Engineer: 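My structure is below; once you've seen it, I'll send some questions.
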Amino acid sequence: TNLNLKDISNKVNKLLELDYDLYAKNGLGRNMLDRNNLAYPIGRNLTVVFGQTNVVIGTDNDYNFTSNCAASYAGMISTLPLDQSSTNQPIAISEISPVLTQSQLEALTAKGIVTFKRSFTKGIVVTDGITMAPTDSVFRRLSVSRIMGAVEEAIRQAAEPYIGKQNHSANRNSLHTAITSKLDKLQGTLIESYSFTMSVDPTKMQFGNIDINYSIVPIYEIRTVNNTIKIKSK
């Protein structure tokens, strides 16, 4: 409820000082490592939201309360098409507080925190659709994280019917075709291009393991549009 400029500035500064150590931990609290012996980040699946809004329930304003915007943002994302980013998209809230300056919005975005602002034509919009993935990760973009989730689901759907079948060349070729068919449907809408290989390690044949290694180029969102204006006297 403290919305004077000094209090808002203090709240933003406290957020910026926080250390978000978003890596998978084992039972002892130590970082879990990936196959490259690096700490495994989990921030791609997490969004931190800063903002609050008034919620009114009932046609006669029967119930009125203040809510943080996390639920509103989650509801927006759940209905957002996979081929659309949340960046600069309208969110169904009537007002937003606190109202942040441009420099505060930029600082919080750089920290990985989702904020909201009033646009010129769309009402209240999402400042930038980001996640808590490391700053140098492509998964920092929510759109990329969601696209890769769709790709992973498509591959699982293609592979699932083959689990339990004999691990011979005919079935592997059929699996390769099924995965190609799934990814072809995503190309041009969610992904620019893709490639994948199916690795069958002879030492793992007895366990029935097939490793699918894939490389995806997602379709990236439009984040900014730069314009140049020239004024001529004649």
Side-chain angles (χ1 to χ4, degrees), residues 20 22-27 31-49 70-71 73-87 89 112 114 126 129-221:
Y20 296 99
L22 297 176
Y23 294 93
K25 308 289 184 181
N26 61 21
N31 286 341
M32 297 176 66
L33 305 180
D34 60 17
R35 59 183 178 182
N36 296 317
N37 210 34
L38 298 174
Y40 187 81
I42 58 174
R44 63 172 285 193
N45 299 312
L46 187 67
T47 296
V48 176
V49 176
Y73 187 60
M76 171 192 175
I77 296 302
S78 69
T79 59
L80 194 68
L82 281 173
D83 60 353
Q84 184 175 337
S85 165
S86 63
T87 299
Q89 298 305 305
V114 172
V126 179
I130 51 179
T131 71
M132 293 302 297
T135 54
D136 58 349
S137 170
V138 295
F139 291 113
R140 188 75 162 187
R141 310 303 314 160
L142 176 65
S143 56
V144 172
S145 184
R146 297 180 76 219
I147 287 172
M148 290 307 298
V151 169
E152 292 165 358
E153 182 178 354
I155 292 177
R156 290 192 182 99
Q157 288 176 352
E160 186 177 42
Y162 293 88
I163 296 175
K165 292 186 176 182
Q166 291 183 340
N167 191 356
H168 52 56
S169 59
N171 280 338
R172 290 195 296 271
N173 289 338
S174 181
L175 171 58
H176 190 284
T177 300
I179 294 174
T180 299
S181 177
K182 285 284 188 180
L183 295 181
D184 280 346
K185 293 179 181 178
L186 300 181
Q187 193 166 5
T189 56
L190 297 182
I191 59 178
E192 294 279 4
S193 61
Y194 71 88
S195 62
F196 72 93
T197 59
M198 293 171 44
S199 174
V200 182
D201 187 342
T203 62
K204 297 181 181 180
M205 285 287 286
Q206 59 179 319
F207 303 109
N209 293 340
I210 297 178
D211 293 329
I212 301 172
N213 302 306
Y214 56 95
S215 177
I216 303 293
V217 179
I219 289 181
Y220 291 94
E221 65 196 71

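Start at 1 with the first residue, then count along the sequence. None of the values given here were measured: they were computed from a predicted structure.
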Engineer: Check for a donor-acceptor pair, side chain of Ser78 on one end and backbone N or O of Gly75 on the other, with a separation under 3.5 Å.
Structural biologist: yes

Engineer: Who are the side chain to side chain contact (heavy atoms under 4.5 Å, CB included) partners of Pro41, not counting sequence neighbours?
Structural biologist: Tyr23, Pro134

Engineer: With sequence neighbours left out, what residues match Ala150 under side chain to side chain contact (heavy atoms under 4.5 Å, CB included)?
Structural biologist: Leu82, Leu190

Engineer: Going by heavy atoms in the side chains, are Ile219 and Thr189 under 4.5 Å from each other?
Structural biologist: no

Engineer: Would you check if Tyr214 and Val151 make a side-chain contact, meaning some heavy-atom pair closer than 4.5 Å?
Structural biologist: yes

Engineer: Leu175 versus Lys165: any side-chain heavy-atom pair under 4.5 Å?
Structural biologist: no

Engineer: With Glu192, which residues qualify under side chain to side chain donor-acceptor pair (under 3.5 Å), at least two apart?
Structural biologist: none

Engineer: Identify, with sequence neighbours excluded, every residue that meets side chain to side chain donor-acceptor pair (under 3.5 Å) alongside Gln157.
Structural biologist: Glu153, Lys182

Engineer: Looking at residues at least two apart in the chain, or sitting in another chain, which of them share a side chain to side chain contact (heavy atoms under 4.5 Å, CB included) with Ser199?
Structural biologist: Asp211, Asn213

Engineer: Less than 4.5 Å apart, side chain to side chain, heavy atoms only: is that true for Arg146 and Leu80?
Structural biologist: yes

Engineer: What closest approach, in Å, do Ala70 and Val49 show between heavy atoms, and which atom pair accounts for it?
Structural biologist: N-CG1, 4.0 Å

Engineer: So, using salt bridge (Lys or Arg N to Asp or Glu O under 4.0 Å) as the criterion, who are the partners of Arg44 when residues are at least two apart?
Structural biologist: Glu152

Engineer: First locate atom CD1 of Ile130, then atom OG of Ser145, and finally report the distance between them rounded to the nearest 0.5 Å.
Structural biologist: 12.5 Å

Engineer: Please answer whether the main-chain N or O of Asn167 pairs with a side-chain N or O of Asn171 as donor and acceptor at a distance below 3.5 Å.
Structural biologist: no

Engineer: Can you list the steps and then say if Ile77 with Leu142 is a side chain to side chain contact (heavy atoms under 4.5 Å, CB included)?
Structural biologist: CA-CA 10 Å; Ile77 296 302; Leu142 176 65; 3.5 Å; yes

Engineer: For atom NZ of Lys185, is the number of surrounding heavy atoms from other residues, nucleotides or ligands below 6.0 Å larger than 12?
Structural biologist: no

Engineer: So, do Met132 and Thr47 sit near enough that their side-chain heavy atoms are less than 4.5 Å apart?
Structural biologist: no

Engineer: Mind listing the closest non-hydrogen atom pair of Ala154 and Leu186 along with its distance?
Structural biologist: CB-CD1, 4.2 Å

Engineer: Is atom OH of Tyr40 surrounded by more than 12 heavy atoms (other residues, nucleotides or ligands) closer than 6.0 Å?
Structural biologist: no

Engineer: May I have all residue pairs that pass ring pair (Phe, Tyr, Trp, His ring centres under 6.0 Å) and include part of residues 147-199, sequence neighbours excluded?
Structural biologist: His176-Phe196

Engineer: Can you list the residues that meet the side chain to side chain contact (heavy atoms under 4.5 Å, CB included) rule with Asn36, with sequence neighbours excluded?
Structural biologist: Asp34, Leu38

Engineer: Output all residues satisfying side chain to side chain donor-acceptor pair (under 3.5 Å) with Thr131, sequence neighbours left out; order by chain, then residue number.
Structural biologist: none

Engineer: Please round to the nearest 0.5 Å and tell me the distance separating atom CD of Gln89 and atom CE of Met76.
Structural biologist: 6.0 Å

Engineer: For the residue pair Ser86 and Tyr73, what are the closest heavy atoms and their distance?
Structural biologist: OG-OH, 3.0 Å

Engineer: Applying salt bridge (Lys or Arg N to Asp or Glu O under 4.0 Å), can you list everything that pairs with Lys25, at least two apart in sequence or on another chain?
Structural biologist: Asp21

